[in-house]
Amino acid sequence: MKSSIYGLTFDQLTNECTEAGYGAFHARQVWDSLYIDRVKSMDDLNVRDEVRDYLTEKYVISTQDLFVKQEAGDGTVKFLLKLHDGHYIETVLMRHKYGRSVCVTTQVGCNIGCSFCASGLLKKTRDLTAGEVVEQIMTVQHFLDEEGEGDRVSHIVVMGIGEPFDNFDNLVDFLRVVKDERGLAIAPRKINVSTSGLADKIYKFADLDLRINLALSLHAPNDELRTRIMKINRAFPLDKLMPSIRYYVEKTNKRITFEYILLSKVNDLPEHAEELADLIEDIKDKSYINLIPYNPVNEHIQYERSTPEDIMAFYDILKKRGVNTGVRLEHGTDIDAACGQLRSKHMNVEGAK
């Protein structure tokens, strides 16, 4: 299988062209074709024939097929994409007042094993290449182009199936492609990467200084509870994880977002809110806690969504403690809302990969 040309950063594409004996300006022509003209076939690259032929021997544009598309009443669109090897991934378009946001997947399946999550129902099969992640963005952009409203992908959240930092190098290449000002030009401040807490990679990410926003899937304020619902906490307990977060904040001078899914009578009690405020007390001025109502998953019937009253009580405690916090606005609740649900449901029915 040929590689996706979307996987090449601008510098890598330039090296590809120059090492083959072509001018660097040819790389710019190819880049413009991909991200400005948004061609869908290698045959349509606006570049000299021999350059196009050379690249076509090694690369393709499309490696994914749209298998299922679900559209919600609020405009959210969930895409189930079939990869070249028969595996399936999910990508989601969310329409906000401030722009069009896409949630991308970085792995086929997930090995992190959070006990409440639909993504982890199917174990990791492989990492996605950088090109396969970029192609998700382009699939959505082509969909928007066909709508004819002039909409552009303006925001990206790397919060789909998989642990992004477990696919670190491909993640970084993806980020370099989508934020390149010569192409999609998505501002780094409009890109959010979420991790379950791979502390060693958080240090590495901070040192790269990509100016990308970071979110930590925390979901519990102490080790006992976090280990119970997130097995990653065994490898990176809070006394290892929180120093990496403090390093990120100090190194980048950027705010950190803590994602906190509220599970009824599990992690949503008043004492949990107080513990959470204590945990981030020294960095609360550079923190934001995103409280997330739980999307129930059939395979995890032990968990239920917190009541509106319990959510607001939790929120009020954090606010009184001076913590920046909010309750996430939900999208796509009339379709398979939880990340991984559509893929899991399809695989259970079809026996797919």
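Every heavy atom of this structure was used, including side-chain atoms; hydrogens, water molecules and symmetry mates were not.
Between the side chain of Gln64 and the backbone N or O of Glu132 there is at least one donor-acceptor pair closer than 3.5 Å. Of the possible polar contacts, none joining the Glu304 side chain to the Tyr294 backbone as a donor-acceptor pair under 3.5 Å is found. Using modelled atom types, one side-chain atom of Arg100 and one backbone atom of His96 make a donor-acceptor pair closer than 3.5 Å. In terms of modelled atom types and a separation under 3.5 Å, the side chain of Glu163 and the main chain of Cys110 share no donor-acceptor contact. Side-chain N or O atoms of Asn192 include none that pairs as donor or acceptor with a backbone N or O of Val157 at under 3.5 Å. Between the side chain of Ser33 and the backbone N or O of Asn46, at least one donor-acceptor pair lies under 3.5 Å. Counting only distance, with no hydrogens or angles, the side chain of Thr105 and the backbone of Gly160 share no donor-acceptor pair below 3.5 Å. With Ser244 contributing its side chain and Leu241 its backbone, the two residues share a donor-acceptor pair below 3.5 Å. The backbone N or O of Thr76 lies less than 3.5 Å from no partner atom in the side chain of Glu71, so there is not a single donor-acceptor pair.
Counting heavy atoms from C-beta on, the side chains of Leu216 and Ile245 come closer than 4.5 Å. Between Asn233 and Asp223, some side-chain heavy-atom pair lies under the 4.5 Å cut-off. A heavy-atom distance below 4.5 Å is not found between the side chains of Ile137 and Thr91. Using a 4.5 Å heavy-atom cutoff, the side chains of Leu262 and Ile292 are not in contact. Annotation: side chain of Val30 is not in contact with side chain of Tyr59 (no heavy-atom distance under 4.5 Å). Side-chain contact check for Ile61 versus Val39: some heavy-atom pair is nearer than 4.5 Å. Looking at heavy atoms from C-beta onward, Asp285 lies out of side-chain contact with Arg255 at the 4.5 angstrom threshold. Taking the side chain as every heavy atom from C-beta outward, Ile256 and Tyr288 never approach each other to under 4.5 Å.
Considering all non-hydrogen atoms of both residues, Gly113 and Lys231 come closest at CA-CE, 3.9 Å. Of all heavy-atom pairs between Ile186 and Ser154, the closest is CG2-O, 3.5 Å. Between Asn267 and His272 the shortest heavy-atom distance is C-ND1, 3.2 Å. For the pair Leu276 and Pro221, the tightest heavy-atom approach, listed with the atom from each and the gap, is N-CB, 3.6 Å. Contact between Arg176 and Thr9 at its shortest, heavy atoms only, is CB-CG2, 4.0 Å. Listed here is the closest heavy atom pair of Asp268 and Ser306: OD2-OG, 2.8 Å.
Salt bridge Arg28/Asp32: present, at least one basic N to carboxylate O contact under 4.0 Å. We find that Lys201 and Asp166 are not joined by a salt bridge, their nearest charged nitrogen and carboxylate oxygen being 4.0 Å or further apart. By the 4.0 Å N-to-carboxylate-O rule, Lys265 lies close enough to Asp310 to be salt-bridged with it. Using a 4.0 Å cut-off between a side-chain N of Lys or Arg and a carboxylate O of Asp or Glu, Lys40 and Glu146 qualify as a salt bridge. Ion pairing between Asp49 and Arg52 holds under the 4.0 Å rule for side-chain N and carboxylate O. Taking 4.0 Å as the cut-off between side-chain N and carboxylate O, Arg126 and Asp85 count as a salt-bridged pair.
Of the inter-residue distances, the one linking Glu274 atom CD with Leu318 atom CG reads 8.5 Å to the nearest 0.5 angstrom. Note that the CG atom of Leu175 and the CD1 atom of Ile156 stand 8.0 Å from one another [nearest 0.5 Å]. Rounding to the nearest 0.5 Å gives a distance of 12.0 Å between OH of Tyr303 and OG of Ser264. The OH atom of Tyr248 lies 9.5 Å from the NZ atom of Lys286; values are rounded to the nearest 0.5 Å. Taken to the nearest 0.5 Å, the NZ atom of Lys78 stands 15.0 Å off from the NZ atom of Lys69. One finds the CD1 atom of Ile229 at 10.5 Å from the CD atom of Gln302 (value rounded to the nearest 0.5 Å).
Side-chain atoms of Lys254 and Asn213 form a donor-acceptor pair, as typed in the model, at a separation below 3.5 Å.
Heavy atoms from other residues, nucleotides or ligands lying under 6.0 Å from NZ of Lys2 number more than 12. The local environment of CZ in Arg189 is sparse, with at most 12 non-hydrogen atoms from other residues, nucleotides or ligands closer than 6.0 Å. Applying the 6.0 Å contact sphere to CD of Glu250 captures no more than 12 heavy atoms from other residues, nucleotides or ligands. Heavy-atom neighbours of Glu147 CD from other residues, nucleotides or ligands within 6.0 Å: above the threshold of 12. The local environment of CD in Glu271 is crowded, with over 12 non-hydrogen atoms from other residues, nucleotides or ligands closer than 6.0 Å.
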Criterion salt bridge (Lys or Arg N to Asp or Glu O under 4.0 Å) on Lys58 and Glu16, from CA distance to verdict: CA-CA 11 Å; Lys58 302 181 66 175; Glu16 182 77 54; 2.7 Å; yes
Side chain to side chain contact (heavy atoms under 4.5 Å, CB included) between Ile212 and Phe205, worked out: CA-CA 9 Å; Ile212 305 292; Phe205 191 71; 3.8 Å; yes
Criterion side chain to side chain contact (heavy atoms under 4.5 Å, CB included) on Leu128 and Leu83, from CA distance to verdict: CA-CA 10 Å; Leu128 296 186; Leu83 306 180; 3.7 Å; yes
Trace of the salt bridge (Lys or Arg N to Asp or Glu O under 4.0 Å) decision for Glu275 with Arg321: CA-CA 11 Å; Glu275 279 188 279; Arg321 291 287 302 271; over 6 Å; no
Intermediate values then yes/no, side chain to side chain contact (heavy atoms under 4.5 Å, CB included), Phe79 and Val140: CA-CA 9 Å; Phe79 302 83; Val140 176; 3.8 Å; yes
Step-by-step salt bridge (Lys or Arg N to Asp or Glu O under 4.0 Å) determination, Glu149 to Arg95: CA-CA 13 Å; Glu149 300 295 328; Arg95 305 179 199 260; over 6 Å; no
Residue pair Arg211, Asp209: steps toward the salt bridge (Lys or Arg N to Asp or Glu O under 4.0 Å) verdict: CA-CA 5 Å; Arg211 311 308 299 161; Asp209 198 23; 2.9 Å; yes
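Both Leu198 and Leu208 belong to a common hydrophobic cluster when Ile, Leu, Val, Met, Phe, Trp and Tyr are linked at side-chain heavy-atom distances under 4.5 angstrom. Hydrophobic clustering of Ile, Leu, Val, Met, Phe, Trp and Tyr side chains at less than 4.5 Å, counting indirect connections, unites Ile283 with Leu218. Tyr247 and Ile280 fall into different hydrophobic clusters, where Ile, Leu, Val, Met, Phe, Trp and Tyr side chains are chained together by heavy-atom contacts under 4.5 Å. Val60 and Leu34 are not part of a single hydrophobic cluster, where members link through side-chain heavy atoms under 4.5 Å apart. Both Leu225 and Phe258 sit in one connected hydrophobic cluster of ILVMFWY residues. Membership requires side-chain heavy atoms under 4.5 Å apart, directly or through other members.
Aromatic ring centres of Phe174 and Tyr6: separated by at least 6.0 Å. Checked against the 6.0 Å centroid criterion, the rings of Tyr88 and Phe67 qualify as a close aromatic pair.
A cation-pi arrangement is absent between Arg48 and Tyr22 under the rule of less than 6.0 angstrom and at most 45 degrees off the ring axis.
Aromatic ring pairs are classed by plane angle as parallel below 30°, tilted from 30° to 60° and perpendicular above 60°; the pair His219 and Phe116 is perpendicular.
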